[in-house]
Every structure is written in structure tokens, then in C-alpha cells.
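Before any comments, here is the structure.
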Amino acid sequence: MDLRAGGSISENVRDLLEQIWHATERSGGAKGSVRLVAATKSVGVEQIREGIAAGLTILGENRLQEALPKIEALKGLPIQWHFIGHLQRRKARSVVGVFDLIHSVDSLELAEEIDKRAQDAGIRQAVLLEVNLEGEPTKSGFQPDDLERLLPQVGALSHIEVRGLMAIPPPASEPEQARPFFRRLRELAERLSRQGISRVSLKELSMGMSSDYPVAVEEGATMVRVGTAIFGARHV
Ligand SMILES: *Cc1c(COP(=O)(O)O)cnc(C)c1O
């Protein structure tokens, strides 16, 4: 199966939703239990509109400056915005309250900053914690052992709501190579859940992209972040 985008945006969205549903069935999940987050970096507003018309409901952006004009342009449509890129601490203030979910909280310091800004804004910000499963030095994210140790401190932050984990597997040539990685993220979430920390839920697993989302869904992803298979290759 070629997972890259071939057709029009609407055809791609329909194919993708169908593939996600088939993979959900294989994993024994219920229809609609896996959500598609469309990664829209470098994608223009008109293309995004076409995607929404075809059924996209969640849009994931990597950079605040790029996201803000799109959010403004698409105001009023029944969509959610997720922040999926690396978030600098000094930008936390501008992101809090604007995005329904931040997938990429990669340090205790960032979690504390988001908590502070959410308190200022009088809201609770939903977040996922990004995990660096392989300990790759170039990649951001909590190391699993650190997360185990720091989770009670994250849970103590009363203006963030931890909903799950997110990870990006190391580059691979075959989707199957990512399977053990996805499985380990799910097992980590299960293990950490047993700590029973109040205010921390680890039910959501954000994992899987264009090249490997069916495998991620089979391994328990609740959200896949897909760009290329919807909008085609980025030219940036
Ligand atoms: C771009 C991006 C994706 C989507 O990647 P594709 O290979 O285009 O599907 C997913 N997650 C993050 C964090 C991204 O930056």
C-alpha cells in the first residue's frame, strides 16, 4: 500500500479516514475512537478549507506565527486547533488558550510555564507529554525514566490537564520498523497510569504519521498526525 498522497485533497481525506477505520477495526477499537489530526504546516488556507469540507475536524500546526493567520481566517468553522511542533517557553503565553491541545510538552519547565500562563488566563490547558523513547540527543521530549520521576510534579500543576503521551519515532524505511516503538509508548502510558496520579490521564496516544499511521493505530494510537498523505509532499 502506498501511503503517500495521490489524489485530490478530498479523495485523500476520504481514503485516510477509511484506512484509519480499517486499522481501528484490526486493533479491536470502536469506530471514531481514533482521531485524525491534519498536519497543516506550509499548507494554505484554501487547501485546508477543502480538507475541512471533506471531513477534517482537527488541524495541527507547528509554528505559532504560521498558525495565527490561519486560525483567524478559518474562525467560525467547526474545527479544533492542536499545537504539534516544538514549543519555546517564551511562546507559551501566546499558545495557551488558542490551541485546544498542545501535543509537545517536552520538559517540566515548559509544563510549569504553560501552567502559569493558563492560570493568568483563568483556564486549564489540555496537553500531551512528548516522550523521547530512544533517548535521541537531537530530539526533544522526556526520557521515559525522567517522566516516571517527574510525573507527580507535572500532575501537581493545577492549570494544565495531562491527557496522554506523544512521540515521533526515529526515521525508518518500513512502517513495520516503527511498531515496537509505538508499542513501547503504549506500554509506558500503561505503566505510568498505574502510578495513579491525580489530574493525570494518559489515555491519549498521539503517534503515527503519513508513513506509518496504520501501524500506530494497530498499536493503540488515539490520534494520528498526518500531513503528506492529505496535502501531498511539502515544498519547503
Ligand atoms: C509534519 C508533522 C507531521 C506529519 O508528517 P507527515 O509525514 O507529513 O504526515 C506529524 N507530526 C509532526 C510533529 C509534524 O511536524
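Atoms within each ligand, like the ligands themselves, are counted from 1 in listed order.
Side-chain contact, Gln119 with Lys116: no donor N or O sits under 3.5 Å from an acceptor N or O. Side chains of Ser158 and Arg199: no donor on one and acceptor on the other come within 3.5 Å. With 3.5 Å as the limit, one finds no donor-acceptor pair spanning the side chains of Ser104 and Glu130.
Applying the side-chain hydrogen bond (donor to acceptor under 3.5 Å, both in side chains) test to Glu218 and every residue at least two apart in sequence or in another chain returns Arg26, Arg179. Residues passing the salt bridge (charged side-chain N to carboxylate O under 4.0 Å, His left out) test with Lys41: none are found, sequence neighbours excluded.
Protein heavy atom at the shortest distance from atom 11 (N) of ligand 1 is Arg225 NE, 2.9 Å. The nearest heavy-atom contact from the protein to atom 9 (O) of ligand 1 is Ser210 OG, 2.5 Å. Taking atom 13 (C) of ligand 1 as the reference point, the nearest protein heavy-atom neighbour is Ile84 O, 3.4 Å.
Near Val226, the atoms of ligand 1 lying under 4.0 angstrom from a non-hydrogen atom of the residue are 9 (O). Listed by number with element, the atoms of ligand 1 under 4.0 Å from a non-hydrogen atom of Asn62 are 14 (C), 15 (O). Taking every non-hydrogen atom of Gly227 and a distance limit under 4.0 Å, the qualifying atoms of ligand 1 come out as 4 (C), 6 (P), 8 (O), 9 (O). Numbered from 1 in the order shown, with element, the atoms of ligand 1 that lie under 4.0 Å from a heavy atom of Ala39 read 3 (C), 4 (C). Each of the atoms 6 (P), 7 (O), 8 (O), 9 (O) of ligand 1 lies under 4.0 Å from some heavy atom of Thr228.
Among Lys41, Met207, Glu61, Met209, the residue whose heavy atom lies closest to atom 2 (C) of ligand 1 is Lys41.
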### Task
Begin from the C-alpha positions of Leu101 and Phe83 and carry the test side chain to side chain contact (heavy atoms under 4.5 Å, CB included) through to its verdict.
CA-CA 6 Å; Leu101 181 66; Phe83 194 87; over 6 Å; no
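His82 and His103 have tilted rings, their planes meeting at an angle from 30° to 60° on a 0 to 90° scale.
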